[in-house]
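Owing to the predicted nature of the structure, the values given are computational and were not obtained by experimental measurement.
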Number of protein chains: 2
Amino acid sequence: MKLLFDHIEQYYPLSAAAREALAENFEELVLAKGKFLITEGRVCKQLYFLQQGALRGYITVDGKEVTNWFGFEEHFITSFHSFITQQPSVENIQLLEGCILWRISKEQLTRLFDAHHEIERLVRIIYERYYIRLEERYVNAQLRTATERYAHLIEETPHILERVPLGQISSYLGISAETLSRIRSRF
Amino acid sequence: MKLLFDHIEQYYPLSAAAREALAENFEELVLAKGKFLITEGRVCKQLYFLQQGALRGYITVDGKEVTNWFGFEEHFITSFHSFITQQPSVENIQLLEGCILWRISKEQLTRLFDAHHEIERLVRIIYERYYIRLEERYVNAQLRTATERYAHLIEETPHILERVPLGQISSYLGISAETLSRIRSRF
DNA sequence: AAAGCTTTTTGATAATTGTCAAAAAAAGGG
DNA sequence: CCCTTTTTTTGACAATTATCAAAAAGCTTT
């Protein structure tokens with residue numbers, strides 16, 4: 001739980017009262033590799049903070065899995081579309097390793113927004129940051145070649161190769177497994 | 001200004017007091033085609049609401065302009081990265097037509113957040129919605145072929161062809177102008 | 001260590017898209 | 001309305017990536 005508050009601190013420093021309220025509403029969760037936080041068709045009612053481990057979000061297209069993102073330690077995780085709209089998720093979130101997580105439900109979070117303006121501010125700021133990160137990823141995907149995107153991913157997430165199978169990395173990069181293999185073979 | 005409040009209403013209904021506070025802080029702005037809301041290198045201090053007209057955001061890469069987004073009536077517009085971080089913008093926002101806009105500065109908005117919890121909530125909700133829209137665009141860009149992306153754009157924004165030159169549309173789609181021309185020639 | 005399964009690599013070929021150059025079409029200015 | 005400039009289209013060719021098929025390498029389980 002300390003890690004969660006350290007992480008939050010980076011965005012917006014909360015008062016002791018707000019921290020306490022959060023602490024009362026977050027629940028620890030330990031899950032094994034391969035488990036799912038959310039599967040498509042179900043409504044995602046939880047926001048997660050990933051304390052330790054790795055996971056990925058993917059969608060199913062023509063029977064194939066397309067990985068949209070990877071999540072590693074110290075990030076907030078959810079199926080954002082489903083969590084925000086409370087409509088069935090199109091996305092699956094699967095653990096790539098055993099994970100330690102903290103979770104809070106949308107109802108609890110909404111109550112905290114009413115009770116503590118500063119918690120809503122914190123979340124507003126987190127959305128701002130997540131928005132511009134997504135924007136960067138979007139520009140990166142559109143502008144760079146597959147080779148550059150791969151190099152960028154390795155640079156940004158050096159240990160990803162040890163934690164994620166190549167087939168998932170290739171679908172994240174928007175290329176076939178064969179193409180990724182060939183890119184890697186010529187460094 | 002009515003349009004602005006109608007738009008806001010879709011996200012979160014404000015009290016009369018909050019609406020009044022917003023009305024006092026938004027300023028009308030009428031600009032001619034070709035003008036810029038923000039140019040790269042400058043810090044973006046304003047959030048805009050586009051009441052009428054069309055504009056685009058683009059970055060410069062190797063001397064070429066790459067259009068990242070188009071903005072049409074009834075959307076909030078800014079160089080989000082710069083507005084959020086208050087660092088120099090990498091993005092240019094240029095008017096494709098004469099526009100009617102409303103603007104509010106980051107300082108004013110921040111003051112309103114302190115004074116009216118519900119205004120911060122409104123903005124939090126707007127960020128949520130903008131986040132998932134960006135997510136959709138990202139998945140769309142990664143998953144669809146250029147032809148499908150073009151068809152999708154036309155379907156989503158039918159009048160775009162009359163309002164935006166093809167060269168800008170092609171760079172938005174992440175393809176060359178020649179490729180777009182060939183896609184269009186075979187419907 | 002062998003068998004069975006999954007993941008990754010390699011080869012051959014096809015489809016898609018980019019680049020360069022030039023022509024055609026459209027838009028803008030006097 | 002003509003001239004200039006910009007935008008769009010067309011052609012030829014090269015580069016990139018996808019697809020299909022099969023081999024190789026890596027894991028797991030027995």
(request) Could you tell me whether B:Arg56 sits above the aromatic face of B:Tyr172, with NZ or CZ closer than 6.0 angstrom to the six-membered ring centre and within 45 degrees of the axis? (result) no
(message) Does A:Lys106 qualify as a cation-pi partner of A:Phe83, given the criterion of NZ or CZ under 6.0 Å from the six-membered ring centre and within 45 degrees of its axis?
(response) yes
(request) Could you check B:Glu28, B:Gln51, B:Glu27, B:Gln46 and say which one makes a side-chain hydrogen bond (donor to acceptor under 3.5 Å, both in side chains) with B:Trp102? (result) B:Gln51
Parallel, tilted or perpendicular, judged at 30° and 60°: which one describes the rings of [X] and [Y]?
| X | Y | value |
| --- | --- | --- |
| A:Tyr138 | B:Tyr138 | tilted |
| B:Phe76 | B:Phe26 | tilted |
| B:His75 | B:His7 | perpendicular |

Atom pair distance, as rounded to whole Å: [atom1] in [X] and [atom2] in [N]:
| X | N | atom1 | atom2 | answer |
| --- | --- | --- | --- | --- |
| A:Tyr150 | D:dT16 | OH | C1' | 18 Å |
| B:Ile183 | C:dG18 | CD1 | P | 8 Å |
| A:Leu96 | C:dT7 | CG | P | 12 Å |
| A:Leu180 | D:dT16 | CG | C1' | 15 Å |
| A:Arg149 | D:dT17 | CZ | C1' | 11 Å |
| B:Arg144 | C:dT16 | CZ | C1' | 17 Å |
| B:Arg182 | C:dT16 | CZ | P | 13 Å |

(message) Please list, in numerical order, the residues of residues 161-174 of chain B that have a heavy atom closer than 4.0 Å to any atom of DNA chain D.
(response) B:Pro165, B:Leu166, B:Gly167
(request) Answer yes when B:Glu128 and B:Arg124 have at least one side-chain N-carboxylate O distance shorter than 4.0 Å, and no when they do not. (result) yes
(request) For A:Glu178 and for A:Ala146, locate the closest nucleotide of DNA chain D by heavy-atom distance; then report the residue assigned to the nucleotide nearer the 5' terminus. (result) A:Ala146
(request) Could you work out which one of C:dT9, D:dT9, C:dG11 sits closest to the side chain of A:Arg184? (result) C:dT9
(request) Tell me which nucleotide among C:dT17, C:dT10, D:dT10 gets nearest to the side chain of B:Ile175. (result) C:dT17
Do [X] and [Y] have side-chain N/O donor and acceptor atoms under 3.5 Å apart?
| X | Y | result |
| --- | --- | --- |
| B:Glu91 | B:Trp69 | yes |
| B:Glu155 | B:His152 | no |
| B:Gln168 | B:Ser171 | no |

(request) Rounding to 10 degrees, work out the angle separating the end axes of the helix from C:dA1-D:dT30 to C:dG30-D:dC1 (five pairs an end). (result) 50°
(message) Surrounding CD of A:Gln52 (heavy atoms of other residues, nucleotides or ligands, distance under 6.0 Å), is the total greater than 12?
(response) no
(message) Can you tell me if A:Thr179 touches the phosphate of D:dT17, counting only side-chain N or O atoms and a distance under 4.0 Å to OP1 or OP2?
(response) no
Atom pairs under 3.5 Å: protein N/O with N/O of nucleotides 27-30 of chain C:
none

